[in-house]
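Note sheet for the following structure.
Values below: all heavy atoms of this structure, side chains included; hydrogens, waters and symmetry mates excluded. Model, not experiment: these values are computed from the prediction.
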Amino acid sequence: MITVAKSAGFCFGVNRAVETVEKAAATDRRVVTLGPIIHNRHVVKKFDAMGVSVIDSPEQAEPDMTVIIRSHGVSRAVQDALQAKNVKIIDATCPFVKRIHGIVEKAEAEGRVPVIIGTRSHPEVEGIAGWCSCCKVFETPEELEIWAKSGEIALDLPICMVSQTTSTESLWKNSVQIAKKQFTNVKIFDTICKATESRQTEAAQVSARSQAMVVVGDAKSSNTGRLATICREHCPKVVLVDNATELDPAFFHGVHEVGITAGASTPAWIIKEVNKTMSEIINADAVQEETFEALLEQSIKTLNTGDKVIGTVTGIGNTEVQVDLGTKHAGYIPYDEVSADPSVKPEDILHVGDEIEVFVVRVNDQEGTVQLSKKKLDGMKIWDEMATYVEEKTNVEGVITEENKGGLVATIKGIRVFIPASQSGVAKGGDLSGMVGKTVTLKVTEVNRARRRVIGSIRAASSEDRKAAQEKVWAEIEEGKKYHGTVKSLTSYGAFVDIGGVDGMVHVSELSWNRIKTPADVVKVGDEIDVYVISFDAEKRKISLGYKTAEMNPWNQFMTNYNVGDVVDAKIVKLMTFGAFAEILPGVDGLIHISQIADKRIGKPEDVLSEGQTVQVKITDVDAENKRISLSIRALIEPVVEETEEPVESEEPTESVAE
């Protein structure tokens with residue numbers, strides 16, 4: 001039995017870097033990577049074949065090059081040197097590593113000494129250290145403890161501690177315990193990549209229940225080496241291989257339970273080859289040696305219905321395509337067996353001399369002919385692809401063609417795929433018909449070739465995409481960063497906004513500069529709004545967002561658009577004994593003193609004005625410091641005559657602008 005760890009292979013950062021190179025290679029002229037893009041020679045060799053070469057330093061960069069910074073990241077000095085070379089720079093640094101650069105840079109600016117737990121010579125650690133002028137790197141908790149007890153530094157020294165993203169959980173936790181015990185002023189950031197943590201945890205679990213463990217990856221890869229170390233703690237037989245050719249059958253003699261895991265830089269196709277080879281190795285004992293007679297019989301075996309054979313196109317006639325199978329039989333493909341698409345002409349896809357694989361439909365030994373079908377074999381291959389989609393948990397695109405009682409039906413390469421309503425991504429009781437005609441991403445979860453039944457799940461694919469989006473948000477989030485999000489729900493105390501797979505909360509006080517009763521006064525579910533990060537807690541997975549901005553502040557709007565002397569329409573919002581408050585803008589009120597309401601003395605404001613009434617007023621004074629505005633109706637009737645009697649100060653309001 002072979003168990004392949006689900007988390008084996010490319011992590012988010014590595015996959016992002018590889019895709020970045022592939023995209024650049026397809027669009028740019030001279031593409032190079034500054035150092036190997038990832039620690040895997042097979043991937044580097046593949047890119048070399050695509051014309052993507054490797055340079056070792058910024059000095060080797062030339063002006064017409066596109067230089068890609070690898071997933072490990074680089075120091076600030078290296079980045080500056082590249083920019084000085086006037087080249088196009090594409091930064092493929094893992095977002096989780098990029099976040100650590102920001103942490104140590106900010107820590108040093110605050111007067112803290114950055115402490116890095118990791119391998120000194122690892123390019124990721126060298127890059128992190130290059131974002132501060134003075135830091136300490138420790139490879140083990142013991143090294144950290146010796147430094148703390150050396151007497152070289154004060155124990156109240158402000159320290160900021162981070163970890164290499166691929167460090168082990170145990171090494172990090174032991175280092176944290178020592179730091180908390182020895183230092184009185186330390187900030188600790190757990191920067192181990194969660195994908196690394198999951199991969200290491202699963203490696204420990206799989207190796208604990210296996211007789212032998214295969215760790216696949218480049219020997220130079222730090223995370224691959226740590227996986228091998230973890231597996232050796234739980235399993236007596238562990239081997240680290242670069243690819244399937246390095247597997248030694250003798251090592252697995254008598255072994256029936258094998259586990260396979262792989263480093264973050266290992267491509268899926270190498271893992272698949274290792275899995276296939278291991279299957280052959282552990283099942284080798286069950287394979288009996290073929291007798292000479294059996295081999296002879298196999299060599300002269302004739303063609304049979306259902307065989308898959310390879311032949312060469314020798315001619316294209318009016319009704320059929322002639323194919324040479326290398327036997328005594330004359331092969332032919334009727335036109336209606338060339339393609340499942342009736343609009344396709346045989347001469348459009350087949351040419352004399354083409355080597356093709358076909359399916360044997362019927363053998364006529366008397367006439368020496370074989371009827372073949374390319375269409376049937378193509379159909380079989382599609383079913384093979386469907387099975388592969390299940391095995392590799394691949395996301396595929398399909399078009400929703402219909403709604404039925406139990407869910408939806410999608411078409412993938414001509415195959416009908418049933419999607420249960422619970423897996424459609426539509427809320428229970430929602431309208432499934434709205435999905436018809438849409439192209440969706442889904443996972444194929446079950447294939448029954450005999451019953452020609454395929455089941456898929458949109459929900460599983462979107463869940464995976466959402467998880468990847470969440471990792472990206474948490475890797476790149478910082479205070480002040482702006483996001484375009486969607487309002488997901490409302491509560492009495494605020495609104496929850498999806499900013500790309502992660503929900504943050506906008507407190508009711510951050511929704512508007514005006515007084516509001518509920519969040520629904522400002523936004524509703526489904527609204528797309530621009531927000532910014534006020535604060536966040538990565539450990540508790542909480543984000544506090546802001547919606548109101550300085551530009552939205554009604555007082556700022558007033559100061560920008562209005563001046564003393566302007567005449568405006570204002571709405572009476574409140575009557576007092578000493579005057580009336582009038583709204584100039586929502587959230588900005590001015591005071592019309594009782595002496596400025598009419599051109600004659602009045603007993604009380606309500607003798608002339610009423611709440612809700614719109615009147616024309618003149619702005620006579622603005623106290624910017626105290627945010628107070630004076631208005632006058634009387635100034636529009638005649639020049640203001642000063643009153644002989646001053647208004648009583650105790651009756652003046654303390655502030656004339658509503659929130």
Side-chain angles (χ1 to χ4, degrees), residues 11 13-109 114 116 118-137 139 162 164-166 191 217-225 263-265 475-476:
C11 66
V14 169
N15 190 61
R16 175 176 174 269
V18 170
E19 287 182 350
T20 298
V21 176
E22 290 174 342
K23 185 177 179 181
T27 56
D28 294 4
R29 265 189 67 237
R30 292 185 66 193
V31 179
V32 299
T33 63
L34 184 59
I37 189 69
I38 60 173
H39 275 158
N40 189 280
R41 64 184 181 89
H42 301 285
V43 174
V44 174
K45 185 177 179 181
K46 171 191 171 185
F47 286 148
D48 184 60
M50 293 169 62
V52 179
S53 56
V54 177
I55 61 173
D56 299 317
S57 66
E59 288 71 29
Q60 294 176 309
E62 298 175 6
D64 63 338
M65 285 181 173
T66 295
V67 181
I68 300 177
I69 297 175
R70 59 184 174 174
S71 57
H72 300 106
V74 295
S75 66
R76 178 166 44 203
V78 170
Q79 188 166 293
D80 291 345
L82 273 179
Q83 290 174 341
K85 281 287 188 175
N86 196 28
V87 296
K88 180 180 178 181
I89 301 172
I90 299 177
D91 193 351
T93 303
C94 172
F96 293 99
V97 177
K98 200 77 173 174
R99 175 173 172 256
I100 306 176
H101 293 175
I103 291 173
V104 297
E105 184 179 26
K106 183 179 179 182
E108 189 170 63
I116 306 167
T119 305
R120 291 183 183 85
S121 60
H122 194 280
E124 178 190 317
V125 175
E126 291 176 345
I128 295 169
W131 284 88
C132 50
S133 58
C134 180
C135 68
K136 290 288 183 179
V137 180
E139 297 192 351
V162 297
Q164 182 178 339
T165 58
T166 54
T191 53
D218 196 307
K220 297 178 183 178
S221 170
S222 173
N223 72 84
T224 302
S265 301
E476 300 176 351

Expected output: side-chain Glu19 to main-chain Arg16 donor-acceptor under 3.5 Å | no
Roughly how far, to the nearest 0.5 Å, is CD1 of Ile68 from NZ of Lys23?
-> 11.0 Å
State, with a plain yes or no, whether a side-chain heavy atom of Lys85 is found less than 4.5 Å away from one of Met65.
-> no
Decide if atom NZ of Lys136 counts as having more than 12 heavy atoms of other residues, nucleotides or ligands within a radius under 6.0 Å.
-> no
Donor-acceptor contact below 3.5 Å, side chain Glu126 vs main chain Ser75 = no
Quick one: CD1 on Ile89 to CD on Gln83, what's the gap to the nearest 0.5 Å?
-> 5.0 Å
Taken to the nearest 0.5 Å, the spacing of Ile69 CD1 from Thr20 OG1 works out to 11.5 Å
Evaluate side chain to side chain contact (heavy atoms under 4.5 Å, CB included) for Lys88 paired with Arg29, printing each intermediate quantity in order.
-> CA-CA 11 Å; Lys88 180 180 178 181; Arg29 265 189 67 237; over 6 Å; no
Which atoms form the tightest heavy-atom contact between Ala61 and Leu82, and what is the distance?
-> CB-CD2, 4.3 Å
Side chain to side chain contact (heavy atoms under 4.5 Å, CB included) evaluation trace for Thr93 with Lys98 = CA-CA 6 Å; Thr93 303; Lys98 200 77 173 174; 4.2 Å; yes
If you take all heavy atoms of Glu108 and Cys134, which pair is closest and at what distance?
-> OE2-N, 3.0 Å
Heavy-atom pair of closest approach, residues Val54 and Pro36 | CG1-N, 3.8 Å
Parallel, tilted or perpendicular: rings of His101 and Trp131 (30°, 60°) | parallel
From Asn40 CG over to Thr224 OG1, what is the distance, rounded to the nearest 0.5 angstrom?
-> 8.0 Å
Does some side-chain heavy atom of Val97 sit less than 4.5 Å from a side-chain heavy atom of His72?
-> no
Any idea which heavy atoms bring Glu22 and Met50 closest together, and the distance?
-> CA-CE, 4.4 Å
Do you know the tightest heavy-atom contact between Ile38 and Ser71?
-> CG2-OG, 3.8 Å
pair Phe47-Ile37: side-chain heavy atoms closer than 4.5 Å = yes
Scanning both residues in full, the closest heavy-atom pair of Ala475 with Arg99 reads O-CB, 3.3 Å
Apply the side chain to side chain contact (heavy atoms under 4.5 Å, CB included) test between Gln164 and each candidate in Val137, Val125, Ile116; give the one that qualifies.
-> Val125
Near Asp80 CG, under 6.0 Å, is it more than 12 heavy atoms from other residues, nucleotides or ligands?
-> yes
Considering only NZ, NE, NH1 and NH2 on the basic side and carboxylate oxygens on the acidic side, decide whether Arg120 and Glu139 come within less than 4.0 Å.
-> yes
To the nearest 0.5 Å, what is the distance between CZ (Arg70) and CG (Leu34)?
-> 7.0 Å
Between the side chain of Asn223 and the main-chain N/O of Thr166, is any donor-acceptor distance below 3.5 Å?
-> no
Rounded to the nearest 0.5 Å, how far does OG of Ser221 lie from NE2 of His122?
-> 6.5 Å
Side chains of Asp91 and Gln79 in contact at under 4.5 Å (non-hydrogen atoms) = yes
Answer yes if the side chains of Glu124 and Thr165 hold a donor-acceptor pair under 3.5 Å, and no otherwise.
-> yes
